[in-house]
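Both backbone and side-chain heavy atoms feed into the values below; hydrogens, waters and symmetry mates do not.
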Amino acid sequence: MIEFLNLRDITASFGGEIEQAVERVVKSGWYLLGEESQAFEQEFARYIGAGYCIGTGNGLDALTLIFRAYIELGKLHAGDEVIVPANTFIASILAVTECGLTPVLVEPDPDTLEIDPSKIEQAVGPRTRAAMMVHLYGRCAHTGSIAELCRRYGLLLIEDNAQAHGCRFGERRTGNLGDAAGHSFYPGKNLGALGDAGAVTTSDGELARMVRTLANYGSERKYEFGRRGINSRLDELQAAVLRVKLQRLDADNARRAEIASLYRSGINNPLVRIPTEAAPGANVYHIFPVLCSRRDELQKHLSDHGIQTLIHYPVPPHAQECYRGRGLLKMPDLLPITERIHREELSLPMSPTLTDEETAQVISAVNAFG
Ligand SMILES: *Cc1c(COP(=O)(O)O)cnc(C)c1O
């Protein structure tokens with residue numbers, strides 16, 4: 001059986017280094033707000049190219065804390081609008097509504113599956129104050145025209161970099177393209193912890209300080225609470241694990257790109273469509289999505305050939321019970337491109353530990369579908 005993503009193999013591929021890091025923390029007797037999380041924050045900020053990194057409990061908290069911090073700083077106000085892609089994992093949108101802001105949903109480009117830059121401007125209204133780029137599936141969603149539009153309308157640019165650690169936009173990394181970025185280190189992400197973990201990166205010192213305060217009960221000094229904060233911390237165990245895995249992130253992403261290129265050149269089934277290729281380095285292939293109008297049959301066919309696939313995601317956020325008909329989202333009457341992607345998307349196995357032979361098996365099984 002070829003698994004979609006085998007986390008046991010990935011952890012084992014570090015040859016005991018992860019266990020050593022865990023043991024170091026266990027034996028240290030210091031489990032929160034210590035040297036490991038501080039060191040990871042420095043190393044990750046340097047990797048991303050941002051001035052600051054603040055570890056958080058998970059990726060959703062990281063994104064929520066960014067919006068919350070802008071509200072505390074008076075740069076965003078309840079009811080302000082934030083442009084978001086209509087096709088994303090729901091956490092991107094939950095972070096916006098959690099802060100009393102209104103997500104404005106914009107359709108993706110059907111060839112890239114990323115937010116369509118040409119549709120953003122028509123979504124800008126008098127209350128629009130920010131735009132969120134989600135580098136979905138590991139592909140850079142940012143473009144020069146988005147940067148220019150944010151400057152022209154004075155919009156804050158926030159990145160959801162949960163799926164795109166190590167991805168590049170020219171010389172820069174995603175997570176350093178806008179005003180602030182939220183990262184998730186959920187185990188299955190390209191840089192994954194052994195549990196929940198996340199981070200905010202930014203080069204805005206004032207924002208960094210506010211995020212850190214809010215994530216620590218709203219406290220800047222022990223037992224003094226200037227804000228009503230939350231508790232969302234990156235713990236020492238996860239930080240130690242992430243420090244090990246960060247060192248291999250670029251190599252792991254390079255292996256993902258090799259597998260993607262095998263898929264791309266090998267898959268020739270006319271029933272299966274592959275999104276267009278991104279510029280070199282601008283896709284770290286968190287997910288390798290293909291589109292097929294008979295998606296469920298294709299999934300069953302692959303499963304019958306011993307290949308596990310997943311769907312990212314079966315139901316788009318606007319059609320979820322938590323948002324449907326509640327007036328919390330601003331969107332066009334119809335989102336046909338988003339809905340079609342959710343009907344047709346299938347994610348093929350993708351992991352730095354996937355072998356060439358396994359990749360070849362996936363390709364022949366996909367090509368045999370008909
Ligand atoms: C995983 C993910 C998140 C949330 O991260 P958690 O760490 O699971 O809270 C947010 N946005 C996107 C696009 C994601 O894929």
Tell me if the CZ atom of Arg273 is crowded by more than 12 foreign heavy atoms within 6.0 Å.
yes
If only atom types and distance count, is the side chain of Arg212 paired as donor or acceptor with the main-chain N or O of Gly55 below 3.5 Å?
no
Would you say the side chain of Thr128 lies within less than 4.5 Å of the side chain of Ile83, judging by non-hydrogen atoms?
yes
Classify the angle between the aromatic ring planes of Phe288 and Tyr263 as parallel (below 30°), tilted (30 to 60°) or perpendicular (above 60°).
tilted
If we only count heavy atoms from C-beta on, is the Pro110 to Ile341 side-chain gap below 4.5 Å?
no
Any side-chain heavy-atom pair from Ile90 and Pro317 closer than 4.5 angstrom?
yes
The single option from Arg139, Arg168, Glu159, Met133 that satisfies side-chain contact (heavy atoms from CB on, under 4.5 Å) with Thr174 is Glu159
Does a donor on one side chain and an acceptor on the other come within less than 3.5 Å for Asp9 and Thr353?
no
Would you say that Ile71 contacts His77 through its side chain, given a criterion of any heavy-atom pair below 4.5 Å between the two side chains?
no
Tyr313 ring center within less than 6.0 Å of Phe89 ring center
yes
Measure centre to centre between the rings of His318 and Tyr323, then say whether the value is under 6.0 Å.
no
Hey, mind stepping through Asp204 and Arg209 against salt bridge (charged side-chain N to carboxylate O under 4.0 Å, His left out) and telling me if it holds?
CA-CA 9 Å; Asp204 175 344; Arg209 196 163 143 173; over 6 Å; no
Please examine the side chains of Glu206 and Met210, heavy atoms only from C-beta on, and report whether any two atoms are closer than 4.5 Å.
no
Inspect the surroundings of OH in Tyr47 and state if more than 12 heavy atoms from other residues, nucleotides or ligands are less than 6.0 Å away.
yes
Could you state the interatomic distance from OG (Ser265) to CD1 (Ile363), rounded to the nearest 0.5 Å?
6.0 Å
So, are Glu321 and Arg324 salt-bridged, with charged N and O less than 4.0 Å apart?
yes
Determine yes or no for a side-chain-to-main-chain donor-acceptor pair under 3.5 angstrom, with Glu107 supplying the side chain and Lys119 the backbone.
no
Checking side-chain hydrogen bond (donor to acceptor under 3.5 Å, both in side chains) for the pair Arg256/Ser351: CA distance, chi angles, key distance, verdict?
CA-CA 6 Å; Arg256 286 173 183 267; Ser351 156; 5.8 Å; no
Measuring from atom CG of Leu354 to atom CG of Asn6, what distance do you get when rounded to the nearest 0.5 angstrom?
10.0 Å
Would you kindly say whether Gln299 and Thr309 are connected by a side-chain donor-acceptor distance under 3.5 Å?
yes
Thr56 side-chain N/O to Asp61 backbone N/O, donor-acceptor pair under 3.5 Å
no
With side chains defined as the heavy atoms from C-beta onward, is the minimum distance between Val82 and Val104 less than 4.5 Å?
no
Donor-acceptor pair, distance only, cut-off 3.5 Å: does the side chain of Lys245 make one with the backbone of Gly192?
yes
Main-chain N/O of Tyr137 paired to Gln163 side chain as donor or acceptor, under 3.5 Å
yes
Can any side-chain N or O of Ser364 pair as donor or acceptor with the backbone N or O of Ala360 at less than 3.5 Å?
yes
May I ask you to check whether over 12 heavy atoms, not counting those of Glu35, lie within 6.0 Å of atom CD?
no
Chi angles and distances behind the side-chain contact (heavy atoms from CB on, under 4.5 Å) call for Leu156, Tyr70
CA-CA 10 Å; Leu156 294 167; Tyr70 277 128; 3.8 Å; yes
Between Phe185 and Phe40, does the ring centroid distance fall short of 6.0 Å?
yes
Could you see if Met132 belongs to whatever hydrophobic cluster contains Leu60? Use Ile, Leu, Val, Met, Phe, Trp, Tyr and a side-chain cutoff under 4.5 Å.
yes
Looking just at side-chain N and O atoms, do Asn367 and Asn268 make a donor-acceptor pair shorter than 3.5 Å?
yes
Taking atom types as modelled, is there a side-chain donor on Glu357 or Thr359 under 3.5 Å from an acceptor on the other?
no
Working to the nearest 0.5 Å, report the span between CG of Leu242 and CD of Gln247.
11.5 Å
Do NZ/NE/NH1/NH2 and the carboxylate oxygens of Asp296 and Lys300 come within less than 4.0 Å?
no
Examine Leu329 and Val315 and state if one hydrophobic cluster contains both, with Ile, Leu, Val, Met, Phe, Trp and Tyr joined whenever side-chain heavy atoms are less than 4.5 Å apart.
no
Under a single-linkage definition using a 4.5 Å side-chain heavy-atom cutoff for Ile, Leu, Val, Met, Phe, Trp and Tyr, are Ile274 and Leu298 assigned to the same hydrophobic cluster?
yes
Carboxylate-amine/guanidinium contact Arg152 Glu121, below 4.0 Å:
yes
Please determine whether salt bridge (charged side-chain N to carboxylate O under 4.0 Å, His left out) holds for the pair Glu81 and Arg129, giving the CA-CA distance in whole Å, both sets of side-chain angles, and the decisive distance to 0.1 Å.
CA-CA 6 Å; Glu81 292 175 5; Arg129 295 287 176 272; over 6 Å; no
side-chain contact (heavy atoms from CB on, under 4.5 Å) evaluation trace for Leu105 with Leu335
CA-CA 9 Å; Leu105 274 46; Leu335 292 166; 4.1 Å; yes
Are the side chain of Ser203 and the backbone of Gly51 linked by a donor-acceptor contact shorter than 3.5 Å?
yes
Please determine, by modelled atom types, if Glu344 and Ser293 share a side-chain donor-acceptor pair under 3.5 angstrom.
no
Sidechain-backbone polar pair: Glu220 side chain, Gly226 backbone, donor-acceptor under 3.5 Å
no
Contact check, side chains of Leu291 and Leu113, non-hydrogen atoms, under 4.5 Å:
yes
Answer yes or no: is there a donor N or O on one side and an acceptor on the other, between the side chain of Asn269 and the main chain of Val366, under 3.5 Å?
yes
So that I can tick it off, tell me whether Glu36 and Arg243 are bridged by a salt bridge, with the cut-off set at under 4.0 angstrom between side-chain N and carboxylate O.
yes
Indicate yes or no: at least one non-hydrogen side-chain atom of Val84 is less than 4.5 angstrom from one of Ser92.
no
Tell me whether the rings of His312 and Phe4 are parallel (<30°), tilted (30 to 60°) or perpendicular (>60°).
tilted
Heavy-atom neighbours of Glu224 CD exceed 12 at 6.0 Å:
yes
Taking Arg255 first and then Asp250, would you say they form a salt bridge - that is, a charged N and a carboxylate O separated by under 4.0 Å?
no
Going by an N to O cut-off under 4.0 Å, is there a salt bridge joining Arg227 and Glu72?
yes
Tell me, yes or no, whether the heavy-atom count around Glu98 atom CD, taken from other residues, nucleotides or ligands under 6.0 Å, exceeds 12.
no
Among side-chain atoms of Glu114 and His135, is any donor-acceptor pair under 3.5 angstrom?
no
Does the pair His165 and Asn190 meet the rule for a side-chain hydrogen bond (donor to acceptor under 3.5 Å, both in side chains), with working shown?
CA-CA 6 Å; His165 303 128; Asn190 287 30; over 6 Å; no
Qualifying residue, where the test is side-chain contact (heavy atoms from CB on, under 4.5 Å) with Cys140 and the options are Leu177, Asn161, Val284
Leu177
Can a side-chain donor-acceptor contact be found between Asp111 and Thr276 if the only test is distance below 3.5 angstrom?
no
Test your reading of the model: is there a side-chain donor-acceptor pair from Asp235 to the backbone of Leu237, 3.5 Å cut-off?
yes
Does Glu23, at its CD atom, have more than 12 non-hydrogen atoms belonging to other residues, nucleotides or ligands within less than 6.0 Å?
no
Check whether more than 12 heavy atoms from other residues, nucleotides or ligands sit under 6.0 Å from atom CZ of Arg326, and answer yes or no.
yes
